[in-house]
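What follows is one structure encoded as C-alpha cells, with my remarks underneath.
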There are 2 protein chains.
Amino acid sequence: MLTIGKLGEAAGVKVPTIRYYEQIGLLPEAERSSGNQRLYSRKALERLAFIRHARDLGFSLEAIRDLLSLSDKPDQSCAAADAIAKAQLAEVESRLARLTALKSELERMVVQCAGGKIADCRVIEVLGDHSLCSADHRHPEPEPN
Amino acid sequence: MLTIGKLGEAAGVKVPTIRYYEQIGLLPEAERSSGNQRLYSRKALERLAFIRHARDLGFSLEAIRDLLSLSDKPDQSCAAADAIAKAQLAEVESRLARLTALKSELERMVVQCAGGKIADCRVIEVLGDHSLCSADHRHPEPEPN
DNA sequence: CTTGAAGCTATAGTTGCTAGAGACATTAGG
DNA sequence: CCTAATGTCTCTAGCAACTATAGCTTCAAG
C-alpha cells in the first residue's frame, strides 16, 4: 500500500492533482489508514499512470473518463475507444497545422527586427495589420491542456 | 463610432470578450452614448484587431499587454518587442515538437484497432503501459490558448 | 408606438489544476 | 519516549481566458 506522496512520485503526478482526480470521480475514493490517510494499491497506480499518460497525449479528462469506463468492460468492441483516439488524432493534426502556420509567421516577424525603433518594428506592424496575415487562423476549440 | 456589436463583428471578437478586455484593462474604458452604451473609434478597432491577431498567434494576454505598451512608445528600440516575439516563437517550436511526437504515438495506437474487443485494444493497452511510451512527453507549461 | 434585437451590469461557470491556511499523522533521530 | 520535521488532511480561493446566465434598459425599424 502506498501513501499519496509515494503514489504521486511513482506515477509522476502531483499530490493535489491526485486528490483533485478523486474529487471529480476519475479515481475511486481511496482506502484510508487508521489515521485517515489515503492508501493506494498497485491497481490504483496503474489507473493513475493510465490517466497521466492519456493527459500527456492531450486527451481531455472527459475523454479519459470515457476511456476508463470502456476499459472496465473488456468484452465490448473497441470501436468506441478507437473513435476517441481518432478524434484526438484529428485534433492533434489540426493543431499541428495551425502551429506550423504560426511558426512561419512568427519567423517572418522576428527576422527583420535587429535594433530598429518601435515605429518600424515588424513585430508590432504585422500584429497591427490583419491584412498581412497569411490565412485566418482561428481557434475553433479550446486546447484540452 | 461603432457600437460594441459592430466592433466585435469587424474585429472577429465576441461581445463579452470585448467587455472582458476592458475589464482587465487591455482596452481603455470606452466612451459612452447618452444611453450608456459603449462607443468605439477606428483606433479602438485597430487596437482590438491587434489583440485578436496576437491571440491567434498564441501570445498570452500578458505578452499582448507588454506589446501594446511598447507600441505606445514608438521611439524606443524594438528589442523588447523582438524578445517577446522570439520567446513566443520558441514556445511554438517546442509545442510543435511535442505535438509531432504525440501524433505518431496516436497513429500507432489507432492503426490496429479495427473491430477487436476492448481486452485487446491497442488504445487502452498503450495508454495503460507507460513503458511503451517513446519518450517522456511532459507538459512543461500551460498552453496559452 | 410597439416590438424585438442589441446593449447594460453582475455573477457564476468552465477546464485542469495550483496554492494557501491551519490542523492532524507519521517517522527518524536523540 | 519525546521531539522535530515532514507528510497528510480538509477547505477555500485563485489562475487563464473566456462563456453563459439573469434581469434589466435602450435603440432602431415598421
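Residue numbering restarts at 1 for every chain, and letters A, B, ... go by the order of the sequence lines.
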query: Crowded around Glu31(A) CD? As in, over 12 foreign heavy atoms under 6.0 Å?
result: no

- prompt: Nearest heavy-atom pair of Leu39(A) and Arg32(A): which atoms, and what distance?
  reply: CD1-C, 4.2 Å

Could you give the side-chain donor-acceptor pairs of residues 3-22 of chain B under 3.5 Å, partners two or more places apart or in another chain?
from	atom 1	to	atom 2	distance (Å)
Glu22(B)	OE1	Arg38(B)	NE	2.9

query: Does the pair Lys43(A) and Glu46(A) meet the rule for a salt bridge (Lys or Arg N to Asp or Glu O under 4.0 Å), with working shown?
result: CA-CA 5 Å; Lys43(A) 261 189 59 182; Glu46(A) 277 169 33; over 6 Å; no

- line: Interatomic distance, CD@Glu93(B) vs CG@Leu96(B), rounded to 0.5 Å, equals 7.5 Å

task: Rounded to the nearest angstrom, tell me the gap between atom CG in Leu61(B) and atom P in dC15(D).
output: 14 Å

field: Distance in angstrom units between Lys6(B) NZ and dG7(C) C1', rounded
entry: 13 Å

query: In whole angstrom, what separates Glu62(A)'s CD from dG13(C)'s C1'?
result: 15 Å

List, with names and distances, any nitrogen or oxygen atoms from the protein found under 3.5 Å away from nitrogen or oxygen atoms belonging to nucleotides 23-29 of chain C.
from	atom 1	to	atom 2	distance (Å)
dA25(C)	O4'	Gln37(A)	NE2	3.4

message: Measure CD1/Ile64(A) against C1'/dT15(C) and give the value in whole Å, please.
response: 12 Å

message: Can you confirm whether more than 12 heavy atoms, excluding those of Arg42(B), are under 6.0 Å from its CZ atom?
response: no

- request: Mind listing the residues from residues 15-32 of chain B sitting with a heavy atom below 4.0 Å of DNA chain D? Number order is fine.
  value: Thr17(B), Tyr20(B), Tyr21(B)

- prompt: Can you check side-chain contact (heavy atoms from CB on, under 4.5 Å) on Lys86(B) and Asp82(B), steps first, answer last?
  reply: CA-CA 6 Å; Lys86(B) 273 186 179 142; Asp82(B) 192 36; 3.2 Å; yes

- prompt: Side-chain N or O of Lys14(B) less than 4.0 angstrom from OP1 or OP2 on dC18(D)?
  reply: no

- request: Would you indicate which nucleotide in dG16(C), dA17(D), dT10(D) comes nearest to any side-chain atom of Arg38(A)?
  value: dT10(D)

- prompt: Of the nucleotides dT8(D), dG16(C), dA17(D), which has the atom closest to the Ser60(B) side chain?
  reply: dA17(D)

query: Do Arg55(B) side-chain atoms and Phe59(B) backbone N/O form a donor-acceptor pair below 3.5 Å?
result: yes

statement: From CZ of Arg55(A) across to P of dT15(C) the rounded distance in Å is 12 Å

query: How close or far is atom P of dG16(C) from atom CZ of Phe59(A), stated in whole angstroms?
result: 13 Å

- request: Specify the separation, in whole Å, of atom CG of Leu7(B) and atom P of dG7(C).
  value: 10 Å

message: Rounded to whole Å, please give me the gap between CD1 in Ile51(A) and C1' in dG16(C).
response: 13 Å

- line: Rounded to the nearest 0.5 angstrom, the CZ-CG distance for Phe50(A) and Leu26(A) is 9.5 Å

